[in-house]
Amino acid sequence: MAGPDLFENLRLELRRGSLVLAVLVALRAEQYGYTLRKTLADHGLDVDENTLYPLLRRLETQGLLVSEWREENKRNKRFYLLSAAGDLILKQLLAEWQAIDSSLTSLVKEEQHGNHPTLPARH
Amino acid sequence: MEIIQRYLHAIEFWLPKSQKADIIAEISEDLHSQMEERQEQLGRPLNDAEVDALLKQRGNPLLVANRYFPQQSLIGPTLFPLYLFVLKVWASFWLLPAFGLAIIVQRTQHPDLTWWHALGAAGDWVWGAAFWAVSMITLTFVILERANAKTHFLENWNPRKLPPVRDPNKVSRFSSATELVVNSACLVVFICYASSLNIINGPALRLTLAPVWMNFFWGFLAVGLLTSALSAVNLMQPYWTSARATLRFLTDAIGGALWCWLMKANVIHELWIAKAHDSRGTDLSHMINTWIAWTFPYTVIVIMVIVAVDLYRILRVNRKNTRGLKPQVAAA
């Protein structure tokens with residue numbers, strides 16, 4: 001039976017793919033980890049630090065982000081920015097996300113109008 | 001703050017060497033930013049309990065460090081179900097029978113042992129082999145996992161090479177014919193040579209069975225005839241029905257019971273060898289009877305397996321009849 005744990009698992013699974021997209025979008029402007037997390041949280045995407053920092057490192061290894069250590073307010077901070085390759089991938093991912101969004105919207109609308117095929121009754 | 005340093009040091013211990021300094025600097029910066037923000041909200045420095053809470057919220061150092069490693073597994077999600085399947089098959093067809101056999105061997109060889117002691121001794125006996133087998137299976141799958149990661153061999157497959165769908169309730173005509181021929185030949189030999197108590201009656205050797213043998217003779221003859229008749233029907237109509245599956249169960253169960261009785265019946269009455277002293281023949285017949293009785297537990301195991309297979313067949317046929325399923329390959 002579907003319970004809160006199942007919902008939570010499915011919710012996390014759904015968000016996991018979107019998180020990469022959100023990070024790439026947010027890093028079109030340079031930010032360091034802490035401000036990036038706040039930006040995402042302000043837009044309703046609360047991300048655990050232990051998820052965000054390893055993700056940033058992975059995206060940088062994949063060449064989608066560039067980073068540099070710089071001093072700000074007397075403290076060294078690592079600033080991240082979308083790379084040229086990252087920008088290209090982001091455009092493709094956004095197109096894909098919009099296609100998924102449009103397909104889902106169309107499916108949901110069809111469901112709401114009762115325009116869906118029904119399964120034959122089981123005997 | 002010392003506690004922050006201790007926390008960072010604990011994380012650092014588990015991190016990949018090449019990135020230690022970089023990751024720690026970033027986590028440290030993030031923790032300090034978080035603390036600063038909290039202090040601004042409160043308008044005072046954080047106390048020890050609040051710092052502890054912040055670190056607890058961040059997580060166990062080992063878990064925090066683990067997130068920086070790529071996902072690693074000896075056997076990945078693709079091969080894991082297959083690995084479990086192989087282990088289950090191995091446990092069902094090797095481990096459980098071997099364990100059962102080991103218990104019976106222990107009890108037979110050491111009749112003074114209690115069942116619990118026999119169980120323990122059997123566990124000791126099977127443990128080493130089981131550990132070795134599980135290790136080998138695991139190692140094989142680890143190698144397969146690595147090979148699949150490099151060559152993607154699981155993606156190279158041909159739908160035409162998939163095994164055909166087999167209907168378990170269909171009886172192979174070849175096996176029915178073989179069963180019929182072998183059974184008939186055995187029955188002829190059985191009737192010719194085992195219908196009297198003097199099984200061997202030569203100038204050099206005489207073997208006489210105990211009178212109880214005639215019960216076995218008629219019993220085995222009846223079972224043999226029924227089995228042959230069943231094979232003949234299966235040859236004509238090669239599909240298990242509930243009645244035929246039940247008849248096979250009954251013949252096997254009765255045959256098995258007869259065998260078990262035979263093991264304990266001291267069926268060799270007299271063995272006479274021309275060139276040996278009479279007492280030698282008596283000793284030998286006693287030895288053969290004892291040896292036959294000694295194989296009793298193994299016979300029971302074999303019969304139990306056969307009867308279990310027969311019972312499973314009855315269940316399978318009845319289940320299919322209840323569901324009213326027909327083979328759907330042709331329709332598909």
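Per chain, numbering begins at 1; letters A, B, ... match sequence-line order.
- Distance check, rounded to the nearest 0.5 Å: CG of A:Asn50 to OH of B:Tyr68 gives 7.0 Å.
- Within 6.0 Å of CH2 in B:Trp94 there are more than 12 heavy atoms belonging to other residues, nucleotides or ligands.
- At a heavy-atom separation below 4.5 angstrom, chain A is approached by B:Ala25, B:Glu26, B:Glu29, B:Asp30, B:His32, B:Ser33, B:Gln34, B:Glu36, B:Glu37 within residues 25-49 of chain B.
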Side-chain donor-acceptor distances from residues 10-19 of chain B under 3.5 Å, at least two apart:
none

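- Looking at B:Val64 and A:Glu49, their side chains never come closer than 4.5 Å, going by heavy atoms from C-beta outward.
- In summary, of the residues considered (A:Thr51, A:Leu55, A:Leu52), a side chain to side chain contact (heavy atoms under 4.5 Å, CB included) with B:Arg67 occurs for A:Thr51 alone.
- Within a 6.0 Å radius of CZ in B:Phe153, other residues, nucleotides and ligands contribute more than 12 heavy atoms.
- At a 4.5 Å heavy-atom cutoff, the contact between B:Asp22 and chain A is made by backbone and side-chain atoms alike.
- For residues 65-107 of chain A, every residue pair satisfying the ring-ring contact (aromatic ring centres under 6.0 Å, His included) rule, not counting sequence neighbours, is listed here: A:Tyr32-A:Phe79.
- For a residue to count as touching a neighbouring chain, one of its non-hydrogen atoms must lie under 4.5 Å from one of that chain's; by this rule A:Thr35 does not touch chain B.
- Residues of residues 99-106 of chain A lying under 4.5 angstrom from chain B, judged on non-hydrogen atoms, do not exist here.
- With a 4.5 angstrom heavy-atom cutoff, A:Arg37 touches chain B only via side-chain atoms.
- Residues B:Arg58 and A:Asp48 have side chains not in contact (no heavy-atom distance under 4.5 Å, counting atoms from C-beta outward).
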